[in-house]
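Below is one structure, written out as structure tokens; the observations come after it.
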Number of protein chains: 2
Amino acid sequence: MNERALHFLKALVERYIRDGQPVGSRTLAKDTGLDLSPATVRNVMADLEDLGLVVSPHTSAGRVPTVAGYRLFVNSLLTWTPPSEDDVASLRTRFGVKCDAKSLIETASNLLSGVTHLAGVVMMPRHEHNVFRQIELLPLSEKRVLAILITSEGEVHNRIIGTDRYFTPSQLEQASNYLNQMFTGQDIGEVRKRLLEDLKRAYASMDQQMIQAAALAQEVVAAAEQRDDCFIAGQTNLMEFGELASMERIKQLFDAFNQKREILHILDRCIAAEGVQIFIGRESGYALLDDCSLVTTTYRVDDRVVGVLGVIGPTRMDYQRVVPLVDVTARLLAAALRQ
Amino acid sequence: MNERALHFLKALVERYIRDGQPVGSRTLAKDTGLDLSPATVRNVMADLEDLGLVVSPHTSAGRVPTVAGYRLFVNSLLTWTPPSEDDVASLRTRFGVKCDAKSLIETASNLLSGVTHLAGVVMMPRHEHNVFRQIELLPLSEKRVLAILITSEGEVHNRIIGTDRYFTPSQLEQASNYLNQMFTGQDIGEVRKRLLEDLKRAYASMDQQMIQAAALAQEVVAAAEQRDDCFIAGQTNLMEFGELASMERIKQLFDAFNQKREILHILDRCIAAEGVQIFIGRESGYALLDDCSLVTTTYRVDDRVVGVLGVIGPTRMDYQRVVPLVDVTARLLAAALRQ
DNA sequence: GTTAGCACTCACTGACGCAGAGTGCTAAAA
DNA sequence: TTTTAGCACTCTGCGTCAGTGAGTGCTAAC
């Protein structure tokens with residue numbers, strides 16, 4: 001594999017990323033600045049096509065990179081440069097305000113989509129040690145109780161729970177005191193397990209009071225434990241790209257975004273990997289994202305990976321710019337969460 | 001204005017709603033069952049066109065209803081029938097689970113979009129008397145405090161607030177005790193006003209402790225007061241309608257949905273009106289919704305209007321079916337909130 | 001008031017041709 | 001051996017053109 005051929009491939013991919021049109025031999029000959037004739041370029045192109053790095057959509061069109069072409073481009077042909085000072089500065093200021101995890105996640109995905117003009121997606125942080133801090137049970141009406149659970153990370157979960165019987169305020173206070181005494185400082189997962197055991201024991205001993213208290217706590221703890229959620233922003237940016245622009249295609253994509261399930265599944269697979277990951281076209285393994293690329297990276301708090309964030313865009317995205325931006329956003333989000 | 005002409009108009013609108021194609025005299029002649037020739041129908045059509053109730057897109061096309069045509073159809077030509085038992089039953093069961101206002105709102109908008117195949121939108125309930133019930137201030141880290149406010153409606157608001165100085169847990173407890181004593185049972189709006197006054201007075205007397213406590217409370221109370229929010233579901237349904245199907249058009253619409261501001265503004269205007277409101281085409285006054293219709297109604301808790309809900313779809317929507325569904329959804333939501 | 005007849009208009013479709021872009025191949029030049 | 005010029009060829013895209021079908025408006029007869 002020729003040095004020059006690689007140079008041509010690089011020029012071709014860059015050109016195609018720029019204007020989205022198949023690139024012909026004449027254009028490419030000018031682009032590279034090597035002062036070669038179009039005919040020569042054609043020969044090289046034919047080689048690249050044999051190698052499966054480019055294709056032409058039809059006989060008399062220019063060439064377009066294949067997935068393998070993009071892959072080679074991204075792996076070996078690109079030198080990553082840090083994002084522009086301006087971009088970093090504007091990101092940094094927007095992360096300035098201290099607030100809760102949820103808002104930070106939302107900010108991050110908005111920033112990602114804003115700065116890349118793609119769709120930004122951020123997973124909620126998953127704290128390995130999510131610690132029970134305090135529970136509060138409040139009477140709301142005849143048969144409804146408001147349960148509030150506060151974890152050590154400052155997350156607040158609340159649920160309204162319908163009950164079979166009426167609880168007096170003092171009964172609820174007693175119950176919450178009991179729960180707080182028992183569980184404060186323990187891992188949420190642990191708490192859930194122990195609550196289930198308690199519930200079993202209480203059933204056995206027919207301790208109505210206990211049953212109810214444990215059942216109430218159970219519900220809100222369950223809510224706190226399943227923290228699988230993500231934010232997606234800037235979906236509409238994807239409508240601007242001609243290659244995705246069939247209405248049907250976009251609808252499927254948006255429906256998937258709304259469901260979130262598939263997206264979460266994909267992100268989940270990235271959490272194990274180190275550093276920035278790039279899935280080009282069908283590499284992601286999801287038919288939905290066939291002509292999309294996904295750039296993700298993990299973010300960490302206290303040196304532990306807690307989540308994934310990234311962007312979704314057409315395969316024809318400006319990797320050179322996008323990848324460093326995703327990387328730096330992850331760092332900034334991590335810093336903001338660490339506070 | 002002829003009785004028969006109205007009959008024709010009705011048939012025409014119904015037909016157009018069904019297949020979205022301009023309706024010709026031949027088709028209409030068959031549709032009405034009056035056994036008249038196409039020529040006669042043409043005469044009537046010409047009259048309707050003079051009255052501005054229908055137009056033909058071009059010389060040799062059939063007729064399409066104008067906004068005025070739809071308006072007449074909706075106001076005088078339609079008899080509202082209750083929604084099908086099946087629809088109501090499926091709605092009712094989905095509202096069955098008791099939970100907090102936010103989830104109910106979300107459910108409602110999902111149901112609306114699901115059952116009508118349009119975009120569903122629901123405003124958060126606005127309680128006129130949103131009463132301060134309890135505040136909790138918890139230390140989170142060096143200079144961050146978690147503030148939790150619970151209102152009488154069982155809504156929980158929490159914010160993480162960055163502070164200039166360190167607070168000991170007991171200081172925070174003292175502050176929250178003070179705030180609870182002062183404000184429990186009072187209207188949130190009132191509380192906010194009084195907090196501002198307190199803050200002023202505290203500044204005058206240089207009471208640092210007070211200043212900080214009031215400032216903390218202030219933030220979370222502010223968050224609780226501005227309850228302007230809404231849920232929009234099923235946006236992608238709108239992509240299925242040919243008449244809105246230019247990508248650019250849809251993008252604008254979706255961007256507006258994401259912004260929410262304009263949508264909230266429109267819904268706000270509906271809150272004063274009684275019963276179901278229908279805005280056809282440009283009647284809404286928003287260029288964005290030019291070829292969309294908006295069907296809204298208010299929902300009430302304890303005989304007080306607290307919010308608005310409805311659907312957004314193309315002008316060519318099945319009003320006969322949609323309007324009763326919006327109506328019944330509002331009732332069901334109200335019932336679910338009342339529990 | 002209703003209808004038949006007729007001329008007319010307009011969108012849509014498919015055929016045709018043509019220009020433009022780009023290719024592959026071959027043979028000559030470097 | 002590599003590069004280039006030349007040439008035939010193949011597509012797409014665009015505009016033109018005629019034919020068809022759907023539908024209209026008008027007029028005159030029923």
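Just so you know, these numbers use all the heavy atoms, side chains as well, and skip hydrogens, waters and symmetry mates. Within every chain, numbering begins at 1; the chains are lettered A, B, ... in the order of the sequence lines, protein sequences first and strands thereafter.
A/H265 meets the side-chain contact (heavy atoms from CB on, under 4.5 Å) test with A/Y286; sequence neighbours excluded. Legend: residues meeting side-chain contact (heavy atoms from CB on, under 4.5 Å) with A/R4, ordered by chain and number and at least two apart, are A/N2, A/F8, A/L34, A/L36, A/T40, A/V44. Applying the side chain to side chain donor-acceptor pair (under 3.5 Å) criterion to A/Y70, with sequence neighbours excluded, gives no partner residue. With sequence neighbours left out, B/A233 forms a side-chain contact (heavy atoms from CB on, under 4.5 Å) with B/S109, B/N110, B/S113. With sequence neighbours left out, A/R71 forms a side chain to side chain donor-acceptor pair (under 3.5 Å) with A/E283. Applying the salt bridge (Lys or Arg N to Asp or Glu O under 4.0 Å) rule to A/E85 yields no partners; only residues at least two apart in sequence or on another chain are considered. Take B/V64 and apply the side-chain contact (heavy atoms from CB on, under 4.5 Å) test, not counting sequence neighbours, and it matches B/Y16, B/P22, B/P57.
In this structure, the CG atom of A/L34 is 15 Å from the C1' atom of D/dT2, given to the nearest Å. As rounded to whole Å, 14 Å separates atom P of D/dT4 from atom CZ of A/R26. Regarding B/L48, its CG atom lies at a distance of 17 Å from the P atom of D/dG23, rounded to whole Å.
Evaluation of the salt bridge (Lys or Arg N to Asp or Glu O under 4.0 Å) test over residues 42-59 of chain A, restricted to residues two or more places apart or in two chains, returns A/E49-A/R63. Residues in residues 313-328 of chain A take part in these salt bridge (Lys or Arg N to Asp or Glu O under 4.0 Å) pairs, two or more places apart or across chains: A/D87-A/R321, A/E243-A/R316, A/D327-A/R331.
Contacts between residues 55-62 of chain A and DNA chain C, defined by a heavy-atom separation under 4.0 Å, are made by A/T59, A/S60, A/A61, A/G62. Taken residue by residue, residues 35-45 of chain A places heavy atoms nearer than 4.0 Å to DNA chain C at A/R42.
Taking 4.0 Å as the cut-off between side-chain N and carboxylate O, A/K10 and A/E14 count as a salt-bridged pair.
Along DNA chain C, the stretch of nucleotides lying under 4.0 Å from any heavy atom of chain A spans, 5' to 3', C/dA21 to C/dG24.
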